[in-house]
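Report on one structure; see the data block that follows.
Just so you know, these numbers use all the heavy atoms, side chains as well, and skip hydrogens, waters and symmetry mates.
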Amino acid sequence: MSELAPLISDLALILISAGVITLIFKKLKQPLVLGYIVAGFVCSPHFTFTPSVSDADNIQTWSEIGVIFLLFALGLEFSFKKLMKVGGSAIISACTIIFCMIVVGIFVGWLFGWKQMDCIYLGGMLAMSSTTIIYKAFDDLGLRQQRFAGLVLSILILEDILAIVLMVMLSTMAVSKNFEGSEMIYSIGKLVFFLILWFVVGIYLIPLFLKKARKLMSDETLLIVSLALCFGMVVLAARVGFSPAFGAFIMGSILAETIESEHIDKLVAPVKDLFGAIFFVSVGMMVDPNMIVEYIWPILAIVVAILVGQTIFGTGGVLLSGQPLKIAMQCGFSLTQIGEFAFIIAALGVSLHVTSHFLYPIVVAVSVITTFLTPYMIRLSGPAYTFVDRHLPLFWRRLLERYTAGGQPVNHQNNWKKLLLSIVRITLIYFVLSVAMVVLSFNLFLPLLVSATGDFWGKIIGAVVTIALIAPFLRAMIMKKNHSIEFKALWADSRFNHAPLISIVLLRIVLAVLFVIYIIQHLFQASVALMAGIAILVVLFMIASRFLKKQSIGLERTFVQNLRSKEVRKAYLGESQPEYAGRLLDRDLHLSDFVIPADSLWGGKTLMELDLGKKYGVHVASIIRGTHRINIPGGGNRIFPNDKLQVIGTDDQLSVFSSQLEKVAERHADEDFEEHEMYLKQFVVSRKSPFCGRTIRESGIRNKYHCLIVGIESADDSNLRQPEVSFTLQKGDVVWVVGEEKDLKTLFKVSEMPEPELAE
């Protein structure tokens, strides 16, 4: 117990400090992340007025676990399908911002004479805006329904995945101390290989496993299984040379494509919040006021670099993607902060011992300052746009209008482009799977076969098993898209397309032949001609085999079903938006979801009574109630608490509608509940009372006066009893009633009785 005492006392101090200070920050409507950082500073040795943590090493270990949970939770919110749907605007904007801000960070570090690795890590920290802080700022300012907010969140999705890539590259650079192009190309190739392998295998196997075990899964077992998968991937990622946080993110993103993803997210949330809080508290513990004073000028310079750099390059990147100037400036001004990824990258540099001791507290100080400034920068975007638009020369205004008008998506497809992209994607995926299967077979099956059957027969059987395992992948790599619409259209379009199309097929056949040759050559010493002949025959057999065709089609169908299962379920439950929602953006309209609060005064009213179209200019496209969807509801349809309304309107209309919906709920919530408090009182039935001689039903005490008779003491029986509605009230009966104060006053006034005291 004595060994655990410091750990427990440190944990108690951290949680008490975090609890108290985050309550204060919640009251001040500030991000909780800042509260955790302040709590860490308060319980650190740098703050002498309060008790301090005695063993920082244990807290550092817990904070590393916190990073794993944070990245796992981020992966659960991430989706590769969502990444494919963000559109060209978000891709161009995010890549422009990240590249330019990395250059800005490196330049700022170079100005202060910092070493090379400090400059590179600083660039990585400055490139990533904070998803948590921006999300909360949009909520607080009521901007979530704005068009630019959707684009900002799409940019943040891309920044999150690129931050993971950046972390892997920084880790590789730190370990190898090598900045040569060949090393970076190898690192990127390794990253792409394992991303494809883990994602494809994970999407194929994990949903099948969860589906088979669904009847055995309680909340407890699902949580344990999810964390086991997370930490298993963490260990695997560390074994192949990636950071543990990267493995956690990958497993989270795989589970994000399963039906159970939202349930897992809710189960993991308390654990993530606990360890995430410890991580951010540990960040605050590293804040040294003396160091901040010493490096005040670099801190201010970095703050200015973020504010100016993100504003300029964020606006420029969004403009470059074809968005109007107003949207671009709103996006640029919203991205002017750094947050959780900056801390994680800084922690990575500290753990790898490649960054200087001053960089971590500098980044924390910069994050605190830019976080406080975020709401003001978002509000400033409107006046800034007005000023720029007023002073922008006519030539530039017309140039921007022509560019943004030309930047809208064009609905045409190039058959060559579509075919080549599909073939490259298919070849890359099946190539990775084949390589992984060969490596697995050589390292697992082949040693067992050799030890069981001898060297010669073991190698022969091993070669057959290995080729059989990769045969469905090689056949799919050769044959996929050879009968597609694009292939047939290009073949029929011109005879000059025949040679390129045949060449594409032959190149994939050659790649499959090389695979088989490598397997044979690795196990046997034979002439090249013999190996090539055997490989060609094997590949021709693969192409002609109907069994392998069924196998490859079945594997792909299972993968697609697993990948689409979540979307299919959401469509069934009415949780996904219709396809037309994206097209509305071209007309400056979009579709947003609003949930009717439980205490809203709109509950129970018809759409005709609410008249939302006339009052706010919006149109209700659908009402979603549980698993039931009402499309194009009429004026007679009622809305009820917890209904989800899909509403179409402009940014301004939806903003007004959202604020009014909140006000209706707030006004109802702010009512004086004391007026509706229930009291228990009693009165005596007199000879002149209008209730004397009448039954309880005839008296109207319940229906007319909204009071309830709970008991009666008769004149000849002092025991309190519950009467039937046919009981006749007599002179001298003591009637016990329950009701609201105003209803009781009306009842006693009618009965010509003085109001009695509250019954004891």
Side-chain angles (χ1 to χ4, degrees), residues 29 134-154 156 323-324 326-327 329-331 333-334 375 378-383 385-386 570 573-626 628-671:
K29 297 183 178 180
I134 294 176
Y135 200 89
K136 185 181 185 304
F138 283 165
D139 265 346
D140 293 342
L141 298 174
L143 299 175
R144 282 279 306 282
Q145 311 302 329
Q146 297 276 340
R147 177 183 173 185
F148 84 93
L151 180 56
V152 169
L153 295 176
S154 297
L156 293 172
Q323 296 296 324
K326 182 178 181 180
I327 298 293
M329 291 189 67
Q330 287 175 318
C331 292
F333 277 74
S334 300
I378 295 175
R379 291 192 186 101
L380 185 61
S381 63
Y385 166 73
T386 303
K570 281 193 170 186
L573 297 176
E575 296 176 2
S576 56
Q577 287 194 348
E579 293 184 2
Y580 69 83
R583 301 180 183 177
L584 294 173
L585 293 176
D586 297 339
R587 302 292 184 267
D588 290 328
L589 297 171
H590 65 274
L591 182 143
S592 294
D593 294 344
F594 297 90
V595 177
I596 303 299
D599 56 355
S600 175
L601 295 178
W602 289 359
K605 293 186 178 181
T606 64
L607 293 178
M608 184 181 296
E609 293 172 337
L610 295 173
D611 201 9
L612 302 178
K614 184 176 181 180
K615 291 179 180 178
Y616 312 113
V618 299
H619 303 282
V620 179
S622 301
I623 300 174
I624 301 172
R625 186 174 300 142
H628 182 54
R629 174 191 285 268
I630 305 173
N631 289 326
I632 319 299
N637 287 105
R638 297 184 183 275
I639 62 174
F640 295 99
N642 297 319
D643 279 357
K644 181 190 291 184
L645 304 186
Q646 292 190 329
V647 182
I648 298 175
T650 64
D651 285 345
D652 294 337
Q653 291 169 344
L654 292 173
S655 179
V656 172
F657 176 77
S658 177
S659 62
Q660 187 61 32
L661 181 62
E662 293 175 0
K663 286 180 181 178
V664 170
E666 288 174 2
R667 184 167 63 247
H668 186 58
D670 291 339
E671 289 182 357

Grab the two heavy atoms, one from [X] and one from [Y], that are nearest each other, plus how far apart they are.
{"X": "Val620", "Y": "Pro633", "result": "O-CD, 3.6 Å"}
{"X": "Gly634", "Y": "Leu607", "result": "O-CD1, 3.6 Å"}
{"X": "Thr606", "Y": "Gly635", "result": "CB-O, 3.3 Å"}
{"X": "Ser381", "Y": "Met329", "result": "CB-O, 4.0 Å"}

Distance check, rounded to the nearest 0.5 Å: [X] atom [atom1] versus [Y] atom [atom2]?
{"X": "Arg638", "Y": "Leu610", "atom1": "CZ", "atom2": "CG", "value": "10.0 Å"}
{"X": "Ile648", "Y": "Gln653", "atom1": "CD1", "atom2": "CD", "value": "11.0 Å"}
{"X": "Leu612", "Y": "His619", "atom1": "CG", "atom2": "NE2", "value": "10.5 Å"}
{"X": "Ile632", "Y": "Asn637", "atom1": "CD1", "atom2": "CG", "value": "11.0 Å"}
{"X": "Asn631", "Y": "Ile624", "atom1": "CG", "atom2": "CD1", "value": "8.0 Å"}

Any chance NZ of Lys605 has more than 12 other-residue heavy atoms, nucleotides or ligands included, within less than 6.0 Å?
no

Applying the ring-ring contact (aromatic ring centres under 6.0 Å, His included) test to Phe594, which of Trp602, Phe657, Tyr616 qualifies?
Phe657

Side chain of Arg625, backbone of Asp643: donor and acceptor closer than 3.5 Å?
no

Hey, does the side chain of Ser658 reach the backbone of Leu654 with a donor-acceptor pair shorter than 3.5 angstrom?
no

Apply the test side chain to side chain contact (heavy atoms under 4.5 Å, CB included) to residues Ile623 and Leu645: give CA-CA distance (whole Å), side-chain angles for both, the deciding distance (0.1 Å), then the verdict.
CA-CA 5 Å; Ile623 300 174; Leu645 304 186; 3.8 Å; yes

